[in-house]
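See below for the structure under consideration.
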Amino acid sequence: MSELDPCTFVLFGATGDLTRRKLAPALYALFREGLLPPKFNVLAYARREKDDEAFRADLKEAVKKYAPDLPTNDDQWRAFASLCFYERGEFDQPEGYRALKERLDALDTERGAPCNRIYYLAIPPEQYETVIECLGSAGLAQAEEGCGRWTRIIVEKPFGYDAETARQLNNTLLTHFTEEQIYRIDHYLGKETVQNILVFRFANELFEPLWNHRFIDHVQITVAEDIGVEGRGGYFDQAGIARDILQNHGLQILSLVAMEPPVSLDADAVRDEKVKAVRAIRPLSADELQTAVVRGQYDGYRTEEGVPPDSVTETFAALRLHIDNWRWGGTPFFLRAGKYLPERVTEVAIQFRRIPQVLFAKMERKAVQPNLLVIRIQPNEGIFLQVGAKEPGPAMRLTPVDMEFSYKEAFPDAPIADAYERLLLDAVRGDASLFARGDEVEAAWNLLTPVLHAWQERRDTIHPYFKGTWGPAKTNDLLGPDRAWREP
């Protein structure tokens, strides 16, 4: 890897949960691995009264708690901490940004990081536009003439709450930044197994010729959590599982599974094909909004802290989607996501079509199982292919067996890094391949917004389910009589 440009990482929301849990451990891990630029600074901008030393102490406590395997009592920690600084200021007051600019200029002079900057918005979504506008007004959105080569901004999810608010946020960003400067982050795209979907498909001649409606009966994408809202009831009730998971994680995974081969691995070439895949998804008709969509709520949700007693916010959602192009015509895609399901798991299940009932026609149909390919994104990352085999003995009995690839077993000396490490490093490198583009985000919202509006109008369409189950029983109706949900 060539030497990276020196830069300053400007962190908005430095005292928040995301910084403590993910960003601080990720930045420190990258530093220990020698992957950050030789001249690199972290400048936090937040509201609380604090100085550099107090901020460094907070970072140390966060790393000790959320990344206990990383040492914090050695010279490397002290070297990393010396790169971290704190500037107090309000998000909506111009004088705060003038002070921020002065501090950045001073750091550029003192530490030789000439004006290349990354702004990370680890703040509540309702504050995004305020900070973006203030950065633009303060002259901080573009690299200064004769000083530095680039400025970038990383925006966390949720990126809008529906199609209209997503377009408004995009317009605000594009008023002050160019599309090439904007990095819309979805941490799922930083996971090794999500990235491996592209490699698995396009680097192996064995599977890509079968990757179409002629051989694949349907695709299931599951994003399951085995916990509830965990004290975040107030936030979650404003979002719901469809906004929190399906609009971003679910459709991002679908686009990688469904996309056509890109002409190269450049960021825009990959994202062009992802956008085409999402745009090819057939919009749900008025009837399908009743028959191809299921939403549920786990028992006890309305008693969670911060949740209204009459809430109809969904904690489970499932969709049946069709992609109207030659590759996928007639092959349905099923997406489901939920809280308090039996286990924490994210996976893609590719169900191939059944073989013709000729050679094994005398056997029971259920004895001859179709092939199944499972891409496990988390946990126990790997790829599993189910094939039919004959049981030992004189009788012709078939049984499904697994051919498995496990990341942990195949790469025992290369543990899978946290997704934020990969994404932060890519932002420093200027590689936007694993970040969503504006038109991709809007295409996803255009698909999902009619569903959200239909739910607002029909409060009686939410189905209860018990904790530890795979959602409402009605979810089985989405698949029809000859299909069943896979239980990981």
Side-chain angles (χ1 to χ4, degrees), residues 1-14 16 18-19 22-31 33-46 55 59 80 83-87 89 91 97 100-101 103-108 110-123 127-128 131-136 138-144 147-157 159 172-174 176-187 189-190 267 418-438:
M1 182 185 297
S2 59
E3 185 170 301
L4 299 176
D5 293 336
C7 67
T8 298
F9 188 89
V10 184
L11 180 57
F12 290 86
L18 176 62
T19 296
K22 295 295 184 181
L23 302 183
L27 288 170
Y28 181 43
L30 291 171
F31 176 82
E33 294 165 20
L35 297 176
L36 292 178
K39 296 179 180 179
F40 182 85
N41 306 312
V42 177
L43 177 59
Y45 183 82
F55 175 55
L59 291 181
F80 174 75
L83 308 178
C84 299
F85 305 90
Y86 188 89
E87 181 72 24
F91 292 158
Y97 291 83
L100 174 62
K101 187 176 188 303
R103 188 72 183 274
L104 283 168
D105 290 342
L107 286 174
D108 291 338
E110 295 169 9
R111 305 183 66 82
C115 306
N116 297 320
R117 292 161 187 166
I118 298 176
Y119 304 112
Y120 197 114
L121 304 189
I123 55 180
Q127 296 174 334
Y128 289 168
V131 172
I132 293 163
E133 294 278 7
C134 288
L135 286 171
L140 291 167
Q142 301 297 324
E144 297 180 24
C147 177
R149 295 195 293 176
W150 50 260
T151 299
R152 298 168 187 144
I153 185 167
I154 302 175
V155 185
E156 267 286 347
K157 76 173 189 71
F159 193 92
T172 300
L173 277 164
L174 292 171
H176 303 284
F177 297 85
T178 65
E179 179 63 41
E180 289 71 26
Q181 293 177 275
I182 303 167
Y183 289 66
R184 300 167 188 82
I185 193 168
D186 181 346
H187 72 273
L189 292 181
D418 182 82
Y420 276 94
E421 292 180 38
R422 170 64 189 270
L423 294 172
L424 291 178
L425 180 59
D426 279 359
V428 173
R429 295 166 55 201
D431 183 353
S433 301
L434 300 179
F435 295 82
R437 204 167 60 189

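Since the structure is predicted, the reported quantities are computational estimates derived from the model, not experimental observations.
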Drop me the distance from [X]'s [atom1] to [Y]'s [atom2], to the nearest 0.5 angstrom.
X: Leu173; Y: Ile132; atom1: CG; atom2: CD1; result: 3.5 Å
X: Leu43; Y: Tyr119; atom1: CG; atom2: OH; result: 9.5 Å
X: Asp426; Y: Leu189; atom1: CG; atom2: CG; result: 10.5 Å
X: Leu4; Y: Phe40; atom1: CG; atom2: CZ; result: 10.0 Å
X: Ile123; Y: Tyr128; atom1: CD1; atom2: OH; result: 6.5 Å

Using a 4.5 Å cut-off on heavy atoms from C-beta on, say whether the side chain of [Y] contacts that of [X].
X: Val10; Y: Leu140; result: no
X: Arg422; Y: Leu434; result: yes
X: Leu27; Y: Phe80; result: yes
X: Tyr420; Y: His187; result: yes
X: Leu23; Y: Leu18; result: yes
X: Pro37; Y: Val428; result: yes
X: Leu83; Y: Leu36; result: no
X: Leu135; Y: Ile153; result: yes

Under the 3.5 angstrom rule, does the side chain of [X] hit a backbone N or O of [Y] as a donor-acceptor pair?
X: Arg152; Y: Ala427; answer: yes
X: Tyr120; Y: Glu156; answer: no
X: Asn116; Y: Pro6; answer: yes
X: Thr19; Y: Gly13; answer: yes
X: Gln181; Y: Ala141; answer: yes

State, to 0.1 Å, how close [X] and [Y] come at their nearest heavy-atom pair, and which atoms those are.
X: Phe159; Y: Arg184; value: CZ-NE, 3.4 Å
X: Asp186; Y: Leu423; value: O-CD1, 3.8 Å
X: His176; Y: Gln142; value: O-NE2, 2.7 Å
X: Ala44; Y: Phe55; value: CB-CZ, 3.5 Å

Note: Asp105-Arg117 ion pair, threshold 4.0 Å (strictly below): yes

Salt-bridge present (Glu87, Lys101; N to O < 4.0 Å):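 No, this pair does not count.
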
Leu424 vs Phe9, side chain to side chain contact (heavy atoms under 4.5 Å, CB included): CA-CA, chis, key distance, verdict: CA-CA 10 Å; Leu424 291 178; Phe9 188 89; 3.9 Å; yes

Aromatic ring pairing Phe12/Tyr97, orientation class (parallel under 30°, perpendicular over 60°, tilted between):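 The arrangement is parallel - the two ring planes meet at less than 30°.
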
NZ (Lys22) with more than 12 external heavy atoms under 6.0 Å: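 At most 12 heavy atoms, drawn from other residues, nucleotides or ligands, come within 6.0 Å of this atom.
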
Residues Ile182, Leu174; criterion side chain to side chain contact (heavy atoms under 4.5 Å, CB included); working and verdict: CA-CA 9 Å; Ile182 303 167; Leu174 292 171; 3.8 Å; yes

